[in-house]
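Notes follow the structure.
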Amino acid sequence: MEKNVVEVWEDCLKIIKDNINYQSFKTWFLPIKPVKLKDNILTIQVPSQFFFEWLEEHYIGLLKKTIRKELGTGGRLEYSIIMDNSEGDNEPYTIKVPTSEKKATVNNPVAMPIDLNRGASKEIPNPFIIPGLKKIKINSQLIESYSFDNFVEGDCNRLARSAGFAVATNPGKTSFNPLLLYSNTGLGKTHLSHAIGLEVKSTFPEKTVLYVTTDQFINQFIDSVKNNNQNDFVHFYQMIDVLILDDIHNLAGKEKTQDVFFNIFNHLHQNSKQIVLTSDKPPIEMKGIEARLVSRFKWGLSADLQVPDLETRMAILHKKLYTDGIEISDEVVEYLAYSINTNVRELEGALISLLAQSSLNKKTITLDLAKQMIDKFVKNTSREISIDYIQKIVCDYFNIPIELINSKTRKREIVQARQLAMYFSKKHTKSSLANIGLHCGNKDHATVLHACRTVNNLVETDKQFRGFVEELDKKIKL
Ligand code: ADP
Ligand code: MG
């Protein structure tokens, strides 16, 4: 028997769930209602225009694949969007919009079948086109929005960014070859490596630029072994002018792929072609990678990306809001930047969830909504509580300017706030006493220890004070 619309959508959800993280799944897919299945067209209802645009922008590839799996190659997807209704009656106004490569607009609902062969951005460019004398056009796999313009500069990334820019304006000709960008996850390696590629393409349109993830590279290589055309694979890579290989730590333990990459690397380097690599570690800490490769990684420049400081985190949020044309009050931006302080991807994720929440519930984005959202979505992720954050909470609570905590003042209420900040930093961070002291008014570890004891004593003897501490503790853990 044929599956009905609900069953089809449920199967789709299963596939989608396996392909994205749970938070995104919850935010973007659970609110969707399947409404109709007719003539192999699945119609889904989404809560708003913003929602629809977000899906089209970020999940179109996945949706296409999923529909293909469920409905076969003739399958199509249409959206029905619940529009804001200014007349005030609650009847949702729905409109059909086809999925398309270009952003479909609501005013122009031309139904277009999903073209499954075009533009699936996650698909690997075919490396098995034998390059003739003429340069062939390849899909560089670059994401337009990961540009230098959209990459906010801060102390955390200045060296990497300027080295990247130098390489982009002079590919293969600087001593930064290879340029290796390394950092923990979510700090902009992929973004910056795309920015280099985009910049090269716009300045030197004749150059062949290719971005590949190391996983793609490995899979292509495995396929070439299977199909017995390894030479084509190697030739393809040897004709690239700027090769960007993302997440090379994934080469660990893949000896055969390392061998072939070694040869490609040498060829490109000898011919002054630019190589850009990213990794989660500097060469010296790499494991499972042949020494001869690691030593080549050290030939050029290794630059790291650090966790951005508060100002840079706020600037990143502002930039994102500006490019998306969305307005949110400064206090909300500040709150997000304070609360999520280790990872830019999570920071953006929080902003997206917030936008989604407000779009879903048609609420304006207030500080309260932001707090609720952070509570729900972010608390479960590994948010680290920082000393800065604790200071901010304590100072807000007692309504004193944060600079005073770090000043030399011995005024009673300031001393107390400072001691509380030390006490909570000891309790909630992994920082040493010495480090806590350093960040709370440049004190030594003995002062921090004394502060902790004082707070503990007061908690036991002073009921009002205990109340403060309990409330602050809750706020900090929120
Ligand atoms: P990584 O590759 O290091 O894991 P990504 O490059 O994927 O990190 O970055 C995660 C997200 O954070 C991306 O959406 C990226 O655009 C954004 N991002 C990171 N650093 C910056 C920055 N300095 N300015 C603007 N956006 C940034
Ligand atoms: Mg990355």
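We're numbering straight along the sequence, starting at 1. Read the numbers this way: they start at 1 and go in the same order the structure lists the ligands and their atoms.
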(message) Can you tell me how the ring of F217 sits relative to the ring of Y237, calling it parallel under 30°, perpendicular over 60° and tilted otherwise?
(response) perpendicular
(request) Write out the residue and atom name of the closest protein heavy atom to atom 23 (N) of ligand 1, then the distance separating them to 0.1 Å. (result) V152 O, 2.9 Å
(message) Over 60° means perpendicular and under 30° means parallel, so tell me whether F261 and F297 are parallel, tilted or perpendicular.
(response) tilted
(request) Examine the proximity of ligand 1 to T190 and report which part, side chain or backbone, both or neither, has a heavy atom under 4.0 Å away. (result) both
(request) List for me each residue that meets salt bridge (Lys or Arg N to Asp or Glu O under 4.0 Å) alongside R296, sequence neighbours excluded, and say none if there are none. (result) none
(request) Indicate yes or no: does an N/O atom of F151 lie under 3.5 Å from an N/O atom of ligand 1? (result) no
(request) Go through the side-chain N and O atoms of D246 and T190 and say whether any donor and acceptor fall under 3.5 Å apart. (result) yes
(request) Quick one: look up the protein heavy atom nearest atom 12 (O) of ligand 1 and list residue, atom name and how far away it is. (result) V344 CG1, 3.1 Å
(message) Check for me whether K319 meets the cation-pi criterion with Y322, that is, NZ or CZ under 6.0 Å from the six-membered ring centre and within 45 degrees of the ring axis.
(response) no
(request) Decide whether D304 and Q306 meet the rule of one side-chain donor and one side-chain acceptor closer than 3.5 Å. (result) yes
(message) With no hydrogens and no angle check, just 3.5 Å: does a side-chain donor-acceptor pair link N263 and H267?
(response) no
(request) Tell me whether the guanidinium CZ or amine NZ of K17 lies under 6.0 angstrom from the six-membered ring centre of F29 and within 45° of its axis. (result) no
(message) If the cut-off is 4.0 Å to any non-hydrogen atom of N157, which atoms of ligand 1 fall inside it?
(response) 23 (N)
(message) In terms of relative ring orientation, are F165 and F148 parallel, tilted or perpendicular, with 30° and 60° separating the classes?
(response) perpendicular
(request) Determine yes or no for a side-chain-to-main-chain donor-acceptor pair under 3.5 angstrom, with D247 supplying the side chain and T214 the backbone. (result) no
(request) Considering heavy atoms of the protein only, find what lies nearest to atom 25 (C) of ligand 1 and give residue, atom and distance to 0.1 Å. (result) N150 O, 3.2 Å
(request) Look at the aromatic rings of Y338 and Y389 and report parallel, tilted or perpendicular, splitting at 30° and 60°. (result) tilted
(request) Flag I316 as yes when one of its N or O atoms lies below 3.5 Å from any N or O atom of ligand 1, and as no otherwise. (result) no
(request) Output, by chain and residue number, all protein N/O/S atoms separated from the Mg ion (ligand 2) by less than 2.8 Å. (result) T190 OG1
(message) Checking contacts here: is it the side chain or the backbone of E348 that comes within 4.0 Å of ligand 1, counting heavy atoms only? Could be both or neither.
(response) side chain
(message) Starting from atom 6 (O) of ligand 1, what is the nearest protein heavy atom, named by residue and atom, and what distance separates them?
(response) H191 N, 2.8 Å
(message) Suppose I only count heavy atoms of T185 and a 4.0 Å limit; which atoms of ligand 1 are within that range?
(response) 4 (O)
(request) Indicate yes or no: does an N/O atom of G188 lie under 3.5 Å from an N/O atom of ligand 1? (result) yes
(message) Between ligand 1 and G186, is the shortest N or O to N or O distance under 3.5 Å?
(response) yes
(request) List the closest protein heavy-atom neighbour of atom 7 (O) of ligand 1: residue, atom name, distance to the nearest 0.1 Å. (result) R345 NH2, 2.9 Å
(request) Answer yes if the side chains of S272 and K173 hold a donor-acceptor pair under 3.5 Å, and no otherwise. (result) no
